[in-house]
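We use all heavy atoms of the structure for the numbers below, so side chains are in, but hydrogens, waters and symmetry mates are not. Throughout, protein chains are lettered first and strands after them, A, B, ... in sequence-line order, and every chain is numbered starting at 1. For clarity, every value in this text was computed on a predicted model and none was experimentally measured.
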Amino acid sequence: MPELPEVETIKRGIASHLEGQIIKSVLVRETRLRWQVTDKINIILPKQTVISVKRRAKYLLFECDKGHILIHLGMSGNLQILPSNTELKKHDHVDIIFSNGQCLRYNDPRRFGCILWTEAPVFEHKLLANLGPEPLEKTFNGKYLYDRAKKRQVAIKNFIMDSKIVVGVGNIYANEALFTARISPERAAGKVSLNEYKRLADIIKKTLQVAIKMGGTTLRNFTDSAGNPGYFKQTLQIYGKGGEICSQCGTIIHTKKIGQRMTYYCPICQR
DNA sequence: AAAAGGACCTGGTGGC
DNA sequence: TGCCACCAGGTCCTTT
C-alpha cells in the first residue's frame with residue numbers, strides 16, 4: 001500500500017497522539033506477519049513511554065525508554081489511533097494500548113508488514129543499516145544518482161526503486177517521476193546523463209512533497225491514521241492509466257512489466 | 001558485485 | 001452466481 005508519502009502521512013497523524021504516552025499493554029492477535037511478532041513485546045513494552053515517533057524510509061520508528069519499536073506496513077498495512085474498546089475488524093492483528101485509553105491498532109490483510117523490537121542502536125538494525133539516502137535530504141541529488149549509476153545496466157525505473165540507492169520511491173511515484181522527467185523507464189541507469197539525473201532528482205523530491213501535502217495516494221483502501229483517504233490520486237499523470245491518452249502528446253499510454261512491476265509510460269514523451 | 005526471479009499473503013476484479 | 005486467473009501501494013532472499 002504505502003510509499004513514502006503515505007507512511008509520512010501516517011507518521012504525522014499519530015506522532016502527537018503517542019509522544020509522551022505510556023504503554024499500558026500490548027495485544028497480539030496474529031503473530032504471523034512478515035517476521036514473527038515476538039511475544040517479548042507483551043512483557044517489555046508495558047510501562048515504557050513513547051519518546052518520539054520517526055520515519056526512516058518506509059519504516060516507522062517508535063523510540064521508547066528501552067529501545068525501538070520498528071513497524072513496516074508492507075503492501076496493505078495501516079495504523080489507526082482509536083479508543084481501545086473500538087470493535088475489531090478483520091485483520092486487526094496488533095493493538096498497542098496506552099494508559100490514556102487510546103490504542104494504536106495495526107491492520108494488515110496481506111501480512112507483508114512487520115512489527116519488531118530492538119534494543120540496539122536503531123539505525124544499525126539490519127533492515128536500516130544499508131539503506132540509501134532519504135529522497136528529501138540534500139545528499140540525494142542528481143550528482144549522487146549519476147555517480148551511483150555509472151556502468152549500471154539495470155533499468156532506470158528499477159534503479160530509483162532500489163532502496164540501497166534511494167529510499168521511499170515505490171511503483172506509483174517511480175512511474176510518475178519518470179514521466180515528468182521524460183525519461184524512458186527501460187533506459188539503462190548508466191545511460192542517463194548528469195543533467196537528466198538532476199532533473200529527475202528534483203522531480204522525485206517535488207512529486208513526493210506534493211503527495212505528502214495531499215495526504216498520500218489512495219488507490220483502493222489507503223487511509224491516514226484517522227481513516228481519511230489521500231488525494232494525490234487526482235494528480236496522477238501516468239500511473240494506472242494504460243490505454244488512456246498522454247496528457248502531453250495524445251499518444252496512447254503503454255504498459256509493460258519491468259522488474260515484475262507494472263509500468264506505465266508514454267513512448268513519445270519518454271526517451 | 002549486479003541482475004533477475006521467487007517468495008511471502010489476502011482480496012478485488014474481470015472474463016467465461 | 002460461480003469459478004478461475006490475474007492483479008495489487010514492498011522488499012528480502014536465493015540463484016545466476
Do the side chain of A:T255 and the main chain of A:I253 share a donor and acceptor less than 3.5 angstrom apart?
-> no
Is any side-chain N or O of A:K90 closer than 4.0 Å to OP1 or OP2 of B:dG11?
-> yes
Taking for A:G259 and for A:F112 the nucleotide of DNA chain B with the nearest heavy atom, the one nearer the 5' end belongs to A:G259
Check whether any side-chain N or O of A:Q102 sits under 3.5 Å from a backbone N or O of A:P83 as a donor-acceptor pair, and report yes or no.
-> no
Reckon A:T255 touches a base, only the sugar-phosphate, or nothing at all at heavy-atom distances under 4.0 Å?
-> nothing
No-H, no-angle donor-acceptor pair, A:E3 side chain to C:dG10 base, under 3.5 Å | no
Within the pair A:R261 and C:dG9, is there a side-chain N or O less than 4.0 Å away from OP1 or OP2?
-> yes
Of the nucleotides C:dC12, C:dG10, B:dA2, which one has an atom closest to the side chain of A:W35?
-> C:dC12
Any A:Y59 side-chain nitrogen or oxygen under 4.0 Å from OP1 or OP2 of C:dT11 | no
Whole-Å distance between C:dG10 C1' and A:L4 CG?
-> 13 Å
C:dG10, B:dA3, C:dG9: which one has an atom nearest the side-chain heavy atoms of A:L219?
-> C:dG9
Distance in angstrom units between A:L131 CG and C:dG10 P, rounded | 14 Å
Return no unless some side-chain N or O of A:R34 is found under 4.0 Å from OP1 or OP2 of C:dG10.
-> no
Atom NZ of A:K164 to atom P of B:dA4: distance rounded to whole Å?
-> 13 Å
Compare the minimum distances between each of C:dG9, B:dG5, C:dT11 and the side chain of A:K58, then state the nucleotide with the smallest one.
-> C:dT11
Would you sort out whether A:Q36 and A:T31 count as a side-chain hydrogen bond (donor to acceptor under 3.5 Å, both in side chains), showing the intermediate values?
-> CA-CA 5 Å; A:Q36 184 90 12; A:T31 62; 2.9 Å; yes
Phosphate contact (C:dC13 OP1 or OP2) by A:K126 side-chain N/O below 4.0 Å = yes
Return the value, rounded to whole Å, for the distance between atom CG of A:L116 and atom P of C:dT11.
-> 14 Å
Choosing from C:dC7, C:dG10, B:dG6, which nucleotide comes nearest the side chain of A:K257?
-> C:dC7
Would one find a side-chain N or O of A:Y173 under 4.0 angstrom from OP1 or OP2 of C:dG10?
-> no
Whole angstrom value for the distance that separates C1' of B:dA4 from CG of A:N158 = 9 Å
Could you check which of B:dA4, B:dT10, C:dC12 has an atom nearest any side-chain atom of A:V154?
-> B:dA4
Report the residue from A:F179, A:Y264, A:F232 that forms a ring pair (Phe, Tyr, Trp, His ring centres under 6.0 Å) with A:Y239.
-> A:Y264
Looking at A:H91, does any N or O in its side chain come under 4.0 Å of the phosphate oxygens OP1/OP2 on B:dG11?
-> yes
Indicate whether the side chain of A:T217 and that of A:Y173 have a donor and an acceptor atom separated by less than 3.5 Å.
-> yes
Would you indicate what A:F159 reaches in the nucleic acid, counting non-hydrogen atoms under 4.0 angstrom: base, sugar-phosphate, or nothing?
-> nothing
Just by modelled atom types, is the A:I51 backbone N or O under 3.5 Å from a matching donor or acceptor in the A:T49 side chain?
-> no
Could you check how far CG of A:D224 sits from C1' of C:dG9, rounded to whole Å?
-> 16 Å
Any side-chain N or O of A:R110 less than 4.0 Å from the OP1 or OP2 oxygen of C:dA8?
-> no
Atom CD1 of A:I165 and atom P of C:dT11 are separated, to the nearest Å, by 14 Å
Spacing of the P atoms in C:dT11 and B:dG12 (rounded, Å) | 23 Å
Whole-Å distance separating the CZ atom of A:R152 from the C1' atom of B:dA3 | 8 Å
Under a 4.5 Å cut-off applied to non-hydrogen side-chain atoms, are A:R105 and A:D92 in contact?
-> yes
B:dG5 - base-pair partner by Watson-Crick or wobble geometry, distances under 3.5 Å | C:dC13
